[in-house]
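Both counts, for ligands and for their atoms, begin at 1 and track the order of listing.
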Amino acid sequence: MTLSKQIEGEGPIVFLTGAGISAESGIPTFRGAEGYWRVGSRNYQPTEMATAQAFASMPEEVWRWYLFRRGVCHAAAPNAAHLALVALEQRIGDRFLLVTQNVDGLHLRAGSSPARTYQIHGNLDLCRCRSGCPPAVRPLPAAIPADWAKERSLTDAELSALRCDCGDWLRPHVLWFDESYDEPRYRYVSALRAAEAAVALIVVGTSGATTLPARMCDMIAARGVPLIVVDPEPTVFSALAERSPRGQFRRGSASVVLPSLIEELDLPPS
Ligand code: APR
């Protein structure tokens with residue numbers, strides 16, 4: 001049965017993306033050979049850097065690492081997979097939802113709407129006061145350049161720009177390993193609601209290492225709606241899809257597989 005025939009009901013088509021969708025844009029994944037959790041920074045274990053504890057003890061070092069990663073993202077451009085999602089959203093409107101683990105901002109830069117894009121791990125272009133001063137989330141200060149060489153240090157002007165008016169540090173708006181999802185900052189409940197209502201979940205480029213995506217996929221499999229996984233390698237999600245009655249593992253790269261899969265969905269414009 002074709003994919004489009006498997007989709008029943010008026011609910012949303014939900015896409016769940018990970019670092020793999022941006023790999024062909026030149027941004028390293030996390031757990032791949034050159035991945036961020038493999039390479040990390042010169043002095044510290046990678047995942048150590050991505051914690052509130054690390055920020056408490058070495059805020060400058062953590063900022064330097066995130067500004068370097070942000071520079072890599074700004075040097076990258078969205079690829080055919082990001083653009084195919086934008087075209088589909090423009091076609092089907094509110095029947096479209098995108099849940100992304102990526103903090104690289106490429107979905108929004110490609111043209112995905114902020115309203116239908118849940119950035120469940122944050123975004124490197126955003127920050128917030130560590131003491132919680134309003135506004136809850138804000139753009140990085142203009143004094144912080146996007147282009148950032150790996151070993152570059154922060155100038156005094158940049159260091160003071162990364163302070164809130166209250167005197168405390170501004171911190172990157174990313175979900176750290178020693179922190180929990182919530183709704184106001186990371187759309188936790190919205191993402192679960194999307195999995196409850198979805199008529200299909202299409203998972204692209206994620207190894208399935210984090211809890212909210214895993215819960216979403218389990219909910220979809222338990223509901224028996226189509227679970228389609230796009231990845232060049234088998235993952236825990238592709239195995240779940242292959243065990244599911246209406247699951248499929250489409251093995252290949254996002255920029256090749258996703259545009260044709262979206263065409264195959266053949267969804268009427270709304
Ligand atoms: N197209 C599609 N998928 C790809 C491609 C590609 N061109 N290249 C690699 N992949 C796949 C890999 O096979 C792997 O399954 O993308 C996945 C990347 O997995 P990870 O590196 O683990 O990244 P991700 O799943 O996004 O990590 C999830 O973990 O540490 C946290 O916050 C971090 O958001 C991140 C989360």
Peer 1: Between Thr235 and Ser207 (side chain of the first, backbone of the second, donor and acceptor by atom type, cut-off under 3.5 Å), is there such a pair?
Peer 2: no
Peer 1: Just to confirm my output: which protein heavy-atom neighbour is closest to atom 3 (N) of ligand 1, and how far is it?
Peer 2: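 Answer, as residue, atom name and distance: Pro232 CD, 3.2 Å.
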Peer 1: Using a 4.0 Å heavy-atom cut-off, say whether Gln101 meets ligand 1 through its side chain, its backbone, both or neither.
Peer 2: both
Peer 1: Which residue and atom name correspond to the protein heavy atom nearest atom 1 (N) of ligand 1, and how close is it?
Peer 2: Ala254 N, 2.9 Å
Peer 1: Where on Arg31 is there a heavy atom closer than 4.0 Å to ligand 1, on the side chain, on the backbone, on both, or on neither?
Peer 2: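 The answer is both, backbone and side chain.
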Peer 1: Counting heavy atoms only, which of Pro213, Gly20, Ser255 is nearest atom 5 (C) of ligand 1?
Peer 2: Gly20
Peer 1: Quick one: which of Ala81, Ser207, Ser238 has a heavy atom closest to atom 22 (O) of ligand 1?
Peer 2: Ser207
Peer 1: Which of these, Asp104, Val257, Thr235, Thr210, has its nearest heavy atom closest to atom 36 (C) of ligand 1?
Peer 2: Thr210
Peer 1: For ligand 1, which is the ligand I care about here, please tell me if Gly252 has any N or O atom under 3.5 Å from one of the ligand's N or O atoms.
Peer 2: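 Gly252 vs ligand 1: no N/O contact under 3.5 Å.
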Peer 1: Using a strict cut-off of 4.0 Å, indicate which atoms of ligand 1 neighbour a heavy atom of Gly18.
Peer 2: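 Listed by number with element: 26 (O).
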Peer 1: Between Glu24 and ligand 1, is there a nitrogen or oxygen pair with a distance under 3.5 Å?
Peer 2: yes
Peer 1: At under 4.0 Å between heavy atoms, which part of Ala209 makes contact with ligand 1: side chain, backbone, both or neither?
Peer 2: neither
Peer 1: May I ask you to say whether Arg64 pairs ionically with Glu60, meaning some side-chain N is under 4.0 Å from a carboxylate O?
Peer 2: no
Peer 1: Among all protein non-hydrogen atoms, which one is nearest to atom 34 (O) of ligand 1, and what is the separation to 0.1 Å?
Peer 2: His121 ND1, 2.8 Å
Peer 1: Looking at CH2 of Trp63 and CD of Glu158, how far apart are the two atoms once the value is rounded to the nearest 0.5 Å?
Peer 2: 11.5 Å
Peer 1: Any idea which protein heavy atom is nearest atom 35 (C) of ligand 1, and the distance to it?
Peer 2: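 Among all protein heavy atoms, the one nearest atom 35 (C) of ligand 1 is Phe30 CE1, 3.6 Å.
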Peer 1: List the closest protein heavy-atom neighbour of atom 30 (O) of ligand 1: residue, atom name, distance to the nearest 0.1 Å.
Peer 2: Trp37 NE1, 2.5 Å
Peer 1: Between Thr206 and ligand 1, which part of the residue brings a heavy atom under 4.0 Å of the ligand: side chain, backbone, both or neither?
Peer 2: both
Peer 1: Starting from the C-alpha separation in whole Å, work towards a yes-or-no answer on ring-ring contact (aromatic ring centres under 6.0 Å, His included) for His107 and Phe15.
Peer 2: CA-CA 12 Å; His107 283 301; Phe15 291 83; 9.5 Å; no
Peer 1: Does a salt bridge link Glu89 with Arg95, judged by any charged N lying under 4.0 Å from a carboxylate O?
Peer 2: no
Peer 1: Do the charged groups of Glu233 and Arg251 touch, with an N to O distance under 4.0 Å?
Peer 2: yes
Peer 1: Taking the basic N atoms (NZ, or NE/NH1/NH2) and the acidic carboxylate oxygens, is any pair closer than 4.0 Å for Arg185 and Glu179?
Peer 2: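 Salt bridge flag = no for Glu179 with Arg185.
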Peer 1: Count the heavy atoms belonging to other residues, nucleotides or ligands that lie under 6.0 Å from CZ of Arg193, then report whether that count exceeds 12.
Peer 2: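 Atom CZ in Arg193 is not crowded, with 12 or fewer foreign heavy atoms closer than 6.0 Å.
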Peer 1: Specify side chain, backbone, both or neither for Thr29, according to which of its non-hydrogen atoms lie closer than 4.0 Å to ligand 1.
Peer 2: both
Peer 1: Roughly how far, to the nearest 0.5 Å, is OG1 of Thr51 from CH2 of Trp176?
Peer 2: 7.5 Å
Peer 1: Can Asp94 and Arg116 be counted as an ion pair, charged N to O under 4.0 angstrom?
Peer 2: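 Yes.
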Peer 1: Answer yes or no: are there more than 12 heavy-atom neighbours, outside Gln53 itself, under 6.0 Å from its atom CD?
Peer 2: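 Atom CD in Gln53 is not crowded, with 12 or fewer foreign heavy atoms closer than 6.0 Å.
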Peer 1: Just to confirm my output: which protein heavy-atom neighbour is closest to atom 18 (C) of ligand 1, and how far is it?
Peer 2: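 The closest one turns out to be Gly205 O, 3.8 Å.
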Peer 1: Can you tell me which residue and heavy atom of the protein come closest to atom 11 (C) of ligand 1, and the distance to 0.1 Å?
Peer 2: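 Here the nearest protein heavy atom works out to Asp231 OD2, 3.2 Å.
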Peer 1: Of the protein's non-hydrogen atoms, which lies at the shortest distance from atom 26 (O) of ligand 1, and what is that distance?
Peer 2: Ala19 N, 2.8 Å
